[in-house]
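What follows is a set of notes on a single structure, which appears directly below.
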Amino acid sequence: MTQPFTVAIDGPAAAGKGTISKAVAAHFGFAHLDTGLLYRAVGARMLTGEDPIRAAQNLVAEDLDNPDLRSADVAQAASKVAVIPEVRSALLDFQRAFARRAGGAVLDGRDIGTVICPQAEAKLFVTASAEVRAQRRFAELQERGADTDFDTVLADVNARDARDSSRADAPLAQAEDAVLIDTSDMTIDAAVAQAISAVEARRAGDRP
Ligand code: CDP
Ligand code: CDP
């Protein structure tokens, strides 16, 4: 398939967006962009003292290879730079061009179905309870050897969700035409299967 086909996957922190996006992209042979990494890369540069707007305007591919991007400090910094409209607008064209590349694309983030790609052919909103999401993120951080505890991770997740949902510019929100997938009580395999069938339904529906 060479026609563009955009799958927009949004939701709060640690809902399973990345896992589902990678599996959907692999299933359909689409490219995948984790847009959170763009904000994390800008956040990481801000933590080194750089102006976040300048960092967003000058972001380069190597910024996404920074091994610290998955840390809790960078996650908080990402959600702080993400409230700045000039940061968001500097990252817009790259995301839209990626979405419309030939052969199909999956983008995951907070505002893909609402602001970046309101015309996306398929939209999913992936969520789970804050406790379940914090438990998953805590397990991931522990596996990476981070020195933290569950209550700290839960507080971080809640703070980030609140900041993401309340900002004026492109807040975290479910698009009206997005399919809701609550992964709280679901295995990864079940969530992936539900996502693939939702995208398949849109592909079938788009055929004449
Ligand atoms: O991209 P996002 O932050 O939304 O989440 P993720 O990185 O895909 O998933 C966060 C963690 O939850 C990963 O360690 C996944 O393996 C895990 N997960 C899970 O246990 N059950 C699910 N249904 C989805 C994700
Ligand atoms: O993986 P997780 O869901 O924890 O976070 P992420 O997707 O890597 O996003 C990190 C932060 O970047 C979020 O808390 C948002 O503040 C911001 N972000 C955003 O504003 N818009 C996006 N499209 C993606 C991320």
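Since we're looking at a predicted model, the values are computed, not measured. For the numbers below, each heavy atom of this structure counts, side chains included, while hydrogens, waters and symmetry mates do not.
Side-chain contact, T152 with D149: a donor N or O sits under 3.5 Å from an acceptor N or O. Side chain to side chain, T19 and R136 fail the donor-acceptor criterion of an N or O pair below 3.5 Å.
The CZ atom of R40 sits 11.5 Å away from the CG atom of D68 when rounded to the nearest 0.5 Å. Distance CG/D10 to NZ/K123: 9.0 Å, rounded to 0.5 Å. Taking CG from D177 and CZ from R202, the interatomic distance works out to 7.0 Å, rounded to the nearest 0.5 Å. Atom-to-atom distance recorded for Q174:CD and T114:OG1 is 10.5 Å, nearest 0.5 angstrom.
For CG of D185, the number of neighbouring non-hydrogen atoms (other residues, nucleotides, ligands) closer than 6.0 Å is 12 at most. For CZ of R167, the number of neighbouring non-hydrogen atoms (other residues, nucleotides, ligands) closer than 6.0 Å is greater than 12.
Ion pair D156/R137 not flagged as a salt bridge, since none of the NZ, NE, NH1 or NH2 atoms sits closer than 4.0 Å to an Asp/Glu carboxylate oxygen. Between D111 and R88 there is a salt bridge, since a side-chain N of the basic residue sits under 4.0 Å from a carboxylate O of the acidic one.
The two atoms that bring A195 and V24 nearest to each other are CB-CG2, 4.0 Å, heavy atoms only. Looking at every heavy atom in both residues, S129 comes nearest to S184 through N-OG, 3.0 Å. Residue A13 comes nearest to R133 through the heavy atom pair O-NH1, 2.8 Å, listed as atom of the first residue, atom of the second, then distance.
Chaining together hydrophobic side chains whose heavy atoms lie under 4.5 Å apart places F125 alongside L172, L180. Residue L47 belongs to a hydrophobic cluster whose other members are L33, L37, L38, Y39, V42, M46, I53, L59, L64, L69, V74, V81, V83, I84, V87, L91, L92, F94, F98, L107, I112, I116, with links defined by side-chain heavy atoms closer than 4.5 Å.
Note: F30 and F5 have tilted aromatic rings, judged against thresholds of 30 and 60 degrees for the angle between ring planes.
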